Amino acid sequence: MAYEYIKVEPDPPIATITLDRPKVLNALSPAVIAEVGQALSELDADDAVRAVVITGGPKVFAAGADIGDMAERSAAEQLNRDQTGAWSPISGFKKPLIAAVNGYCLGGGCELALMCDVIIAGDSARFGQPEINLGIIPGAGGTQRWPRTAGKFAAMEVMLTGGMIGARRAYELGLANKVVPAEMSVAVAQRMARQLAEKPPVAVRLAKESVQKAFETSLAEGLAAERRSFYFLFSTDDQKEGMRAFLEKRKGVFKGR
Ligand code: DAK
């Protein structure tokens with residue numbers, strides 16, 4: 001499918017999505033989010049793709065939702081647009097999703113990064129939730145995912161001040177897995193995506209699902225779900241292949257069954 005605001009580069013077993021609205025710092029209009037959602041839905045359904053990198057390119061990740069689009073909307077209009085549904089192919093993506101973040105990563109852009117499974121930060125990255133300065137609060141999960149990721153006090157600081165934190169502080173807070181030179185972030189993310197793409201896909205999917213559960217359920221429910229997935233994996237060919245390959249001292253080849 002042809003896209004106007006993003007570039008999608010499949011390079012099986014990975015694919016890279018690049019936000020491409022540089023004139024407005026990759027502001028996430030509804031059309032951009034719809035394109036990202038469409039691309040991710042297609043990549044989720046494509047067995048040849050096992051991990052995806054999302055980036056805004058070398059200069060900026062995304063400066064948030066498109067303020068021009070929101071400025072004059074009424075509460076009812078906002079409610080009726082089902083924006084949350086538009087973001088669900090991102091938060092519900094089943095394969096590993098790696099963000100390569102350079103420059104501004106603000107508002108909805110930061111919330112998009114927080115929906116990913118791994119964040120590779122270029123040293124130019126600046127994370128923040130400046131919505132407070134616009135008279136609103138984050139609406140795509142920022143108030144919930146920040147404290148679960150970086151703790152209450154860092155979350156309060158960015159939410160209430162609207163200020164930004166740099167790549168190094170983000171790393172110290174657990175908001176980024178690595179800090180690398182900005183020009184390397186996409187390549188580093190793609191390398192990691194390729195590593196993950198070699199792992200058994202069903203186990204990868206259930207590992208992702210289980211970790212996500214930790215944010216949504218009680219410990220007892222999360223442990224029960226983990227156990228169910230653990231036992232289920234013994235019904236896959238990939239579990240047999242993985243354990244045999246270990247015992248035979250060779251590298252396992254996984255088929256996703
Ligand atoms: N929207 C629209 N245009 C934007 C933009 C944005 N978020 N950010 C930047 N631009 C545009 C600027 O208007 C400017 O356009 P021209 O004037 O050239 O036409 C161009 O990008 C370059 O920006 P600046 O000239 O401002 O560049 P600077 O380097 O001076 O400053 C900046 C960069 C990032 C500090 C500044 O642009 C800035 O503060 N931008 C706004 C950041 C912001 O407030 N972001 C939060 C937006 S609210 C929801 C889902 C998501 C959301 C809500 C609900 N649901 C599912 C319910 C998300 C909300 C938000 O993200």
Side-chain angles (χ1 to χ4, degrees), residues 4-6 17-41 54-93 97 99-116 119 121-150 154-167 169-170 175 182 185 212 215-216:
E4 192 176 346
Y5 302 114
I6 62 172
I17 298 177
T18 306
L19 305 170
D20 189 23
R21 248 191 125 198
K23 283 190 185 145
V24 285
L25 309 183
N26 291 336
L28 302 170
S29 65
V32 178
I33 290 300
E35 288 193 0
V36 172
Q38 176 69 30
L40 285 176
S41 300
I54 186 160
T55 183
K59 295 208 176 111
V60 62
F61 188 72
D66 193 317
I67 299 169
D69 172 75
M70 287 185 291
E72 300 306 325
R73 288 196 187 277
S74 68
E77 279 168 347
Q78 282 289 62
L79 183 69
N80 288 333
R81 291 163 82 210
D82 188 27
Q83 281 174 291
T84 307
W87 287 70
S88 53
I90 309 169
S91 58
F93 191 63
L97 185 56
V101 175
N102 295 318
Y104 294 118
C105 181
L106 304 176
C110 192
E111 292 171 301
L112 169 54
L114 285 170
M115 287 177 190
C116 294
I119 297 179
D123 51 13
S124 64
R126 300 185 76 189
F127 298 84
Q129 299 289 159
E131 287 91 338
I132 200 82
N133 299 325
L134 302 169
I136 57 171
I137 64 170
T143 64
Q144 302 306 298
R145 290 195 177 94
W146 263 92
R148 283 166 166 80
T149 306
M156 286 292 186
E157 184 185 323
V158 291
M159 288 321 131
L160 301 182
T161 66
M164 301 178 206
I165 63 166
R169 175 125 192 262
L175 200 81
S185 65
Q212 284 176 326
F215 298 104
E216 283 152 21

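What you see is a predicted model, and the numbers here were worked out from it, not measured in a lab. Whatever order the structure lists them in is the order used to number ligands and atoms, beginning at 1.
When only non-hydrogen protein atoms are considered, atom 55 (N) of ligand 1 lies nearest to Gly139 O, 3.2 Å. Closest to atom 21 (O) of ligand 1, if we only count protein heavy atoms, is Val24 CA, 3.3 Å. Looking only at heavy atoms of the protein, atom 33 (C) of ligand 1 is closest to Tyr104 CE1, 3.5 Å. Protein heavy atom in closest approach to atom 39 (O) of ligand 1: Leu106 CD1, 4.9 Å. Among protein heavy atoms, atom 8 (N) of ligand 1 sits closest to Ala63 CB, 3.5 Å. Of the protein's non-hydrogen atoms, the one nearest atom 6 (C) of ligand 1 is Ala65 O, 3.6 Å.
Shown here, atom 45 (N) of ligand 1 is in close reach of the protein: a heavy atom of it lies under 4.0 Å off. Within the 4.0 Å cut-off (strictly below), no protein heavy atom is located near atom 16 (P) of ligand 1. Atom 26 (O) of ligand 1 is not flagged as protein-proximal [any protein heavy atom, distance under 4.0 Å]. Of the protein's heavy atoms, at least one falls inside 4.0 Å of atom 51 (C) of ligand 1. Note that atom 61 (O) of ligand 1 has protein non-hydrogen atoms nearby, at separations under 4.0 angstrom. Within the 4.0 angstrom cut-off, atom 12 (C) of ligand 1 has no protein heavy-atom neighbours. Within the 4.0 Å cut-off (strictly below), a protein heavy atom is located near atom 23 (O) of ligand 1.
For Ala140, no nitrogen or oxygen atom sits less than 3.5 Å from a nitrogen or oxygen atom of ligand 1, counting backbone and side chain alike. Considering backbone and side-chain N/O atoms, Gly107 never comes within less than 3.5 Å of an N/O atom of ligand 1.
A heavy-atom distance below 4.5 Å is found between the side chains of Leu40 and Leu97.
Applying the 4.0 Å criterion to heavy atoms of Met70 picks out, from ligand 1, the atoms 48 (S). Here is the list of ligand 1 atoms found below 4.0 Å of a heavy atom in Ala27: 1 (N), 2 (C), 6 (C). Counting the atoms of ligand 1 from 1 in the order shown, those under 4.0 Å from a heavy atom of Lys23 are 20 (C), 21 (O). Interface of Trp87 with ligand 1, defined as ligand atoms under 4.0 Å from a residue heavy atom, comprises 50 (C), 51 (C), 56 (C). Within ligand 1, counting atoms from 1 as listed, the ones closer than 4.0 Å to a heavy atom of Gly108 are 58 (C), 60 (C), 61 (O).
To the nearest 0.5 Å, the span separating CD1 on Ile119 from CG on Leu114 amounts to 5.5 Å. Separation of atoms CG (Leu106) and CG (Asn133) is listed at 10.5 Å; rounding is to 0.5 Å.
Between Glu77 and Glu72, the shortest heavy-atom distance links the atoms OE1-O, 4.2 Å. The minimum heavy-atom distance linking Cys110 with Gln129 is given by the pair CB-OE1, 3.3 Å.
Closest heavy-atom approach to atom 47 (C) of ligand 1 among the candidates Leu134, Leu25, Asn133, Ile136: Leu134. Looking at Ile67, Asn26, Ile137, Val60, it is Ile67 that brings a heavy atom closest to atom 1 (N) of ligand 1.
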Worksheet item: Would Gln83 and Gln78 satisfy side-chain contact (heavy atoms from CB on, under 4.5 Å), going step by step from the backbone distance to the final call?
Response: CA-CA 8 Å; Gln83 281 174 291; Gln78 282 289 62; 3.5 Å; yes
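Ion pairing between a basic and an acidic side chain is recognised when a charged N comes within 4.0 Å of a carboxylate O; Glu157 and Arg169 show such pairing.
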